[in-house]
Every structure is written in C-alpha cells, then in structure tokens.
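Working notes, beginning with the structure itself.
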Amino acid sequence: MSGNHSSEPQVALRPLYRAEQVRELDRRTIAGGIEGFALMQRAATAAWQSLRARWPGIKRLSVLCGGGNNGGDGHVLAALAAVAGVAVQRIAVKPLEELEGDAARAAEMATAAGVGCEPWRQGIAFDGEVIVDALLGTGLSGEVRGAFREAIEAINASGLPVLAIDIPSGLAADTGAELGVAVRASRTVTFIGDKVGLHTGRAPALVGEVHFRSLGVDARQYADLLPEAELLDQELIKAWLPSRARDAHKGVMGHVLVLGGAPGFGGAALLASEAAARLGAGKISLATAPAHVTACLTYRPEVMVHGLRGAAELGQLPEQADVLVVGPGLGQGAWGQGMLQAALVASRPLVVDADGLNLLASHFTGQRRDDWILTPHPGEAGRLLGCRAAEVEADRPAAARELQRRYGGVVVLKGAGSLVAGPAGLAVCPYGNPGMASGGMGDVLSGVLGALLAQGLPLEAAARVGVMTHALAADMAVRDAGERGLLAADLASYARVIVNPDFEPGLHSLSGGR
C-alpha cells in the first residue's frame, strides 16, 4: 500500500455539542459578566440579520413565541423587525402573563416597540410572508403536545418559509429525532454551540440551511468541553489525498479484493469493484460466482475476476490483496458464509457491508477487531445491536457509538447525516441527498472505502473521507440531472472527480507508471 500518510493532516472541523453542554456555555458566559438578557439580544439580532439576508424584501412577519429563552429570542426579534419598519404579527403560544425572567423582559421590549400580541388559537391566519419559529428550544425531551403541537402543524400547513431560532421546534437537539411533530424550517440559526441533532436523522429534512453564530462567546469557555461529535468538511479530502508522486505505479496504490456476488447477486459486487477502481486503487480483484464472470469482463475488464464455486477455491487471493471488501451481493447461504469466514481469518483490513453484516449478526456473533470498517444501514445496525431499526433511528449517535464499542474498528451508520464512529470519536457527514435512496449505493461506498484503505489512509480517515466522497459524488450527480433516477452506477465517475481536488481541466503532463 502507499506510504504517503505518515502524519495526519490538520483540518479544523466544527465541533458539535449536546444541548446540556451548550447550556453550560451559556451559564459560563453569563457568569463571566455578560448579562443573560444581553445574550438574548445578541441571539435575536443574529437571527434577524440572517432573516433579512435570506428574505431581504420582507414587509410582513409572523413570529410565534413560546416560553423560556427561545420564546424570548422571538419577542426581541419581533421588536427589532418592528423598529426596522416591518409589520409584525406576534403570536404567543405561551401566554405573556406566564413568562418569567429574561423572557418576560423580552416580551415587554416587543410591546414597548409597538408590537401587538395575540394568543394562539387554532385556525389563526398568518399575516407574514415569513414565519419565525421561536416556540420550543433545545430543552425539549418528550413528545410535543397541546397548543405547541397545534402551532407546529399550522406552521407546516401554511406553506410559508420559516426561520427557526436555535432549532426547529420539535427536533431533538442531541439525537436528530422528531418528537412527534417538528417544524419544517427553510433556515435555522443556531447559537453558541452547534448541535449534533441539527445534522443527522430527521434533521436534514427539517432544518433547511443551518447558520451557526457564536454570539461572541469567549473561545476559552469551550476549552474543557469535549464535543459530542465533529462536522465533516470536504477540505479533509484534499488534505488526505494530495497529488500523486510522478513516479507512482499500480504496485504502490494497493490491491483490493472484493468478496461478493453469490449466484444471482452479481451486480452489487461489480458496483463495489468499479468504485474501488475509480477511487484509485492500483489493482482490483473480484471473487464471485462463476455465472457472473462474463458480465464482469464485459462491463469492467480492468477488474481481475475469479469465478469461484466456494471459499475453498480462494487459494492465496486474500493474502495477495491489501484490503478485503466483503458483503456486496454476498448472500446468507453457504457460499456467502464461506467467503466471510475466509475474510475473517485473513490477516487483512476489512470493509464489511450488506449480507456480511447480516451474517455477523446471525452466524459470526462475538466478532470484534480493530482493523475493519462496518457500514450498516439502520436495519443492519438494529440486527447487530439486537434491536429494531426504529430504536436506532431514535438515537443515531448513541447507536453508532455502541456499535463501535461492541465491534471495534470504525462504524459508518448510513442514512441522512451519516455517522462515522471510531476511536477518535463521532463525525457527522453534512453532504448527500435523497437521490441516494436507490439500490446499490452502499455497495459503491464499500468499494470507495476499500480503495482508500488500499492507498494507505488510516482506518478512521478512510471512513471519513470515503463517506464524504460518496455523498459529494451524489450531490454533484444531482446537480447535473436531478434526484429522481440517480443510480448507484452513476456515482463512480463523479467520485473520481471528488478525489482529484487539484485537477485543472486543460493542464496535462506525462505521468509515471501504469
């Protein structure tokens, strides 16, 4: 394998915190001399500025306010909008007479600015061109009920654009789960610390654009708080995949062996093999059922295909490879079980996907190792953890961490806001789109990961870079032709572009090696 990665590139990633950690930062800031109401004014000002930047010509605004600091932010924003000459409809879902502390002071500020206030009632008509959601903040834990549920449902039914303050009401800040019902925002402005629940699970469907504002909190206040996760950034791809040496050749770019394609399931293994080739591995071998050899040679002759009736015919193939990808089209019968058994006893790093994961859960229980990447979707994750997929989705960060604790190595929990859990912690991928909801996408990811490992990236770096590359390739593909009809086979060529970030069309030079 390539030895070009002796030191880890340094790329600063945005930290993601739990709600309680952000509340602690809030407390520290106030204890450090910034009045709570002043901090509320900073938040409301940041939200108002973001609103005006997104909808610059707005004349009318509807602001729905709950209690606590989130509602207080809404009341202050209403005052700021009124002072700017915007007609403001302020709706109190939490009655003004029940407000306390800074929230009550904020409501008085809006009233003093000449903003009227009407209590929430079902059937109320929204007068604004934009709605501000200041109903429920990050402290929400149980399911949304009562008047707040009614208000959220009315917001969603209105069809109007929505600015959510700190978090869309009804979204769990720590998990990304929807607590019964949640606001569908066009933009979310979040404060002091970005939240992991804004980037995974249901969040991508609810938050719109996420804008983070620190509100001027002193950087020293964060120093001893270990973030819950990090938000991946595509700069990592460039950092880990610099231009190749001019004398590079296939022998130093790694050899990937894909084990998959049981009788009748050849497509998945071929998708993984092509992806590994497009991502730059020097050599690709495929061990598959004999019936699939002709299709492979026809479709992708660069892949060295071996038609095997069973694992006994593998011979020295696993030892000749640098990385094994096992699972795409593997099946759960005797053929697949034998291939997985052979992969597990080989002293090579592994990428395990699809039926490889299902077999781990059913026939190879108790396995734990430090040199593999497991890539479950929520259903497979549930089988590995002995729970339902819905339980995985209810707390994706916890599920990813538990999978990594039990099975070791690095775990990629796929889905909206894919999670990468490894020894360095949890990372969230902010890229990808609904066009990826089609068969074979995971097979492509497994090939991508195998190729990056073969080229010398450490396990966790390969997982992080691979997940981003896969998602960014899908984003690039849908910009060309839209989300519907995106096929897994479309991604490999786009992924090749992503992993050549320094490429400039029109500039050519003689390259070394083949």
Side-chain angles (χ1 to χ4, degrees), residues 8 13 15-21 172-177 195-197 199-201 203 224-232 323-327 340 343-344 347-429 442 445-446 449 452-453 457-468:
E8 182 171 343
L13 300 179
L16 303 175
Y17 296 96
R18 298 187 308 277
E20 177 51 42
Q21 291 178 303
D174 292 346
T175 66
K195 292 84 180 168
V196 66
H199 301 280
T200 193
D224 65 334
L225 289 181
L226 181 65
E228 177 74 358
E230 294 177 304
L231 192 66
L232 292 176
V323 179
L324 308 184
V325 174
V326 56
L340 180 57
L344 291 172
S347 56
R348 295 292 183 270
L350 301 178
V351 177
V352 186
D353 184 36
D355 276 332
L357 298 167
N358 292 325
L359 287 171
L360 281 180
S362 61
H363 288 73
F364 296 88
T365 56
Q367 297 281 332
R368 191 183 193 282
R369 52 195 292 168
D370 297 327
D371 64 345
W372 63 7
I373 301 175
L374 308 183
T375 64
H377 59 54
E380 292 158 348
R383 287 188 278 279
L384 289 167
L385 292 173
C387 66
R388 295 177 295 112
E391 295 175 70
V392 172
E393 287 293 88
D395 193 340
R396 287 171 54 80
R401 289 184 185 280
E402 178 60 16
L403 284 165
Q404 199 278 330
R405 187 191 69 79
R406 289 192 196 184
Y407 291 92
V410 177
V411 172
V412 175
L413 179 55
K414 296 181 290 193
S418 291
L419 302 175
V420 181
L426 192 65
V428 186
C429 178
L445 176 61
S446 66
L449 297 172
L452 294 173
L453 287 173
L457 271 70
L459 206 72
E460 202 157 5
R464 291 181 170 200
V465 170
V467 166
M468 279 192 293

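These numbers come from a predicted model, not from an experiment.
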task = Tell me, with the steps shown, if C387 and V392 meet side-chain contact (heavy atoms from CB on, under 4.5 Å).
result = CA-CA 8 Å; C387 66; V392 172; 3.9 Å; yes
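- A donor-acceptor pair under 3.5 Å is absent between the side-chain atoms of Y17 and the main chain of L225, judged by distance alone.
- Side chain of Q21 to backbone of L226: a donor-acceptor contact under 3.5 angstrom is found.
- Between the side chain of E230 and the backbone N or O of V428, no donor-acceptor pair lies under 3.5 Å.
- The shortest non-hydrogen separation linking G327 to A354 is O-CB, 3.5 Å.
- A donor-acceptor pair under 3.5 Å links the side-chain atoms of R396 to the main chain of L413, judged by distance alone.
- Annotation: side chain to side chain donor-acceptor pair (under 3.5 Å) contacts of R383 (sequence neighbours excluded): N358.
- Shown here for A463 and V410, the closest heavy-atom pair between the two residues is CB-CG1, 3.6 Å.
- Taking each heavy atom of E460 and P423 in turn, the nearest pair found is OE1-CD, 3.4 Å.
- To the nearest 0.5 Å, atom OG of residue S362 and atom CG of residue L357 are 10.5 Å apart.
- Taking each heavy atom of A421 and A400 in turn, the nearest pair found is CB-O, 3.5 Å.
- Between the side chain of W372 and the backbone N or O of L344, no donor-acceptor pair lies under 3.5 Å.
- Using a distance-only test at 3.5 Å, with no hydrogens or angles considered, no donor-acceptor pair links the side chain of D370 to the main chain of G408.
- Proximity of L232 to L13: side-chain heavy atoms (C-beta onward) are separated by under 4.5 Å at one or more points.
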message = Applying side-chain contact (heavy atoms from CB on, under 4.5 Å) to V325 and L449, what does each step give before you reach the verdict?
response = CA-CA 9 Å; V325 174; L449 297 172; over 6 Å; no
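- With sequence neighbours excluded, the residues satisfying side chain to side chain donor-acceptor pair (under 3.5 Å) with E402 are R405, R406.
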request  = Go through the steps for V351 and L453 under the test side-chain contact (heavy atoms from CB on, under 4.5 Å), then give the verdict.
outcome  = CA-CA 9 Å; V351 177; L453 287 173; 3.8 Å; yes
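- A 4.5 Å side-chain heavy-atom check between L350 and R369 finds at least one atom pair inside the cut-off.
- Here the closest non-hydrogen pair linking P397 and L426 is CB-CD2, 3.8 Å.
- Remark: side-chain polar atoms of E228 are not paired, donor with acceptor, to backbone N or O of V196 under 3.5 angstrom.
- Residue L459 holds its CG atom at 11.0 Å from CG of L452, rounded to the nearest 0.5 Å.
- With hydrogens and angles disregarded, a donor-acceptor distance shorter than 3.5 Å links the side chain of T200 to the backbone of G417.
- The list of salt bridge (Lys or Arg N to Asp or Glu O under 4.0 Å) pairs with a residue in residues 407-423, not counting sequence neighbours, reads D353-K414.
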Test log, rule side-chain contact (heavy atoms from CB on, under 4.5 Å), inputs L340 and Q367 = CA-CA 12 Å; L340 180 57; Q367 297 281 332; over 6 Å; no
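- Closest approach of E393 and P378 over heavy atoms only: OE1-CG, 3.4 Å.
- Using a distance-only test at 3.5 Å, with no hydrogens or angles considered, a donor-acceptor pair links the side chain of E380 to the main chain of H377.
- When side chains are defined from C-beta on, V352 counts as touching L360, because their heavy atoms get closer than 4.5 Å.
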